[in-house]
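Take a look at the structure below.
By convention in this document, chain letters (A, B, ...) are assigned in the order of the sequence lines, proteins followed by strands, and residues within each chain are numbered from 1.
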There are 2 protein chains.
Amino acid sequence: MTYCVALQTKKGLVFMSDTRTNAGLDNISTYRKMFSWEDPGHSMITMMTAGNLATTQSVVSMIEERMKAPGDRTPSILGLPSMFQVARMVGGILKEVIANNANAGMVASSAFNATIILGGQVAGSEPRLFLIYPEGNFVEAGPDTPFFQTGETKYGRPILVRAFEEDMSFEAAVKLLMVSFDSTIKANLSVGLPLDLHVYEAGSLKIGTQRRINADDEDFATISEGWGDALKQAFESLPDVKL
Amino acid sequence: MTYCVALQTKKGLVFMSDTRTNAGLDNISTYRKMFSWEDPGHSMITMMTAGNLATTQSVVSMIEERMKAPGDRTPSILGLPSMFQVARMVGGILKEVIANNANAGMVASSAFNATIILGGQVAGSEPRLFLIYPEGNFVEAGPDTPFFQTGETKYGRPILVRAFEEDMSFEAAVKLLMVSFDSTIKANLSVGLPLDLHVYEAGSLKIGTQRRINADDEDFATISEGWGDALKQAFESLPDVKL
């Protein structure tokens, strides 16, 4: 499993992903699931992947190869004029990789599938955030649905729904993501530390603050411990139900 | 889907279940999923069902028919000398119903399956709580795992894990269940009001406080609204993360 979340706030985009991959319970590894590219002053793109690791690695490699050998038929995602076109290209690559595997003689129901959260900004337009499906099509975040989750989405969702605000500070947004990840990590063994964080400031058109949150991260420990106490206090502050 | 939770506290057992059943998104109904039987002074048994409605209704009917026509081959569950034997009998009935359907010419992967939470007390021993699987076998709650959930368990689990205490009052336990159900109902359309509640006091050997929580229930509304605010305050009480 996996857990990735991207928030679209007025100040910019905030991405967080875990790094645990597993094939069964007895075969776990650590892989980065967050990838960022920039052409400072022109565009910044961040992608988070969930699903079959061979598929997602292949998608990332194809994106990077296109950057090294740009041409008419294979433009670099950093050269495209809008985030919509970036989403279309990434969706196309994802669909192609899945189809290639599926046609290679293997039969797998959903084993080659992957889902991608894609966010970023191209000069001349606002930051945009997309959720790309294995079929290559995608949906975009908006005021009604200002965040996307992939992977093990359920444990960490209630706090996102309750505490997200579009005008929250980056510091509060990172805190919110840490709480959401902490609840998920405590409940599902297939989501695990370290976490990757990227805070993209709207209009900056370059990669922003990046951070790897390891098991010994003091901020994460403070949030994790503090959240347990705060939650209990919140619970106790509610009136008891009369029976 | 469904959501049922049973808590085993020092004071007794607290059960809560929703009432929504659905076959697809456009075919929803309301059915009771909680059933209680008592032989005052001797035994009290409560059962909550999740899964295929035809299966669970059949299990309940078979249990009730055995009560009306007791005999050597079909003893009533209220006549058994221990909760372990009650769990074995209910597990056996559940397995039999599923097997009968599966052998009737239909092929269904898990469509006839059901899971049962069973709790109660028989005179001479402590209250006990079991989770019965479709295969008819079961596990028992204990100090390390003092509650069981079935159905849509994920959204409502973090607060149970954080706030449950074995020596909590019944009032606090009901409040905890309301918070857990509120989070789940807000997130999954296939879990819905009204809710059924049963509070069984250890040693009483009779059905305790029962209550149906409807959409206009004032306590539930207070908890639901208050929890949103309390959660936000808890979140804001945590220190912001420095970037």
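- The minimum heavy-atom distance between B:F235 and A:A163, with the atom names listed, is CD2-CB, 3.9 Å.
- Only the side chain of A:S169 comes within less than 4.5 Å of a heavy atom in chain B; its backbone stays farther off.
- Heavy atoms of B:A187 lying under 4.5 Å from chain A are absent altogether.
- What you find for A:A234 and B:A234 is that their closest heavy atoms are CB-CB, 4.0 Å.
- Heavy-atom minimum distance, A:P239 versus B:T222: CG-CG2, 3.8 Å.
- For A:R211, the part sitting under 4.5 Å from any heavy atom of chain B is the side chain, from C-beta outward, and nothing else.
- Looking at B:L197, only its side chain comes within 4.5 Å of chain A, counting heavy atoms on both sides.
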- side chain to side chain contact (heavy atoms under 4.5 Å, CB included) between A:K186 and B:R157: does it pass, once the steps are laid out? CA-CA 10 Å; A:K186 280 203 165 48; B:R157 187 172 180 84; over 6 Å; no
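- For the atom pair CD1 of B:I223 and CG of A:D240, the computed distance is 8.0 Å after rounding to the nearest 0.5 Å.
- Of the atoms belonging to A:V241, heavy atoms from both backbone and side chain fall under 4.5 Å from chain B.
- Contact record, B:K175 with A:L238: NZ-O, 2.9 Å, taken as the closest heavy-atom pair.
- Contacts with chain A were tallied for B:G156, B:A172, B:S183; B:A172 has the most, counting heavy-atom pairs under 4.5 Å.
- When heavy atoms are compared at a cutoff of 4.5 Å, A:E152 approaches chain B solely by way of its side chain, counted from C-beta outward.
- The distance from atom CG of B:D219 to atom NZ of A:K242, rounded to the nearest 0.5 Å, is 8.0 Å.
- Of the inter-residue distances, the one linking A:T153 atom OG1 with B:Y155 atom OH reads 5.0 Å to the nearest 0.5 angstrom.
- Taking the charged nitrogens against the carboxylate oxygens, A:E165 and B:K232 do have a contact shorter than 4.0 Å, which makes a salt bridge.
- Heavy-atom pairs under 4.5 Å with chain B were tallied for A:T209, A:V179, A:L231; the largest tally goes to A:L231.
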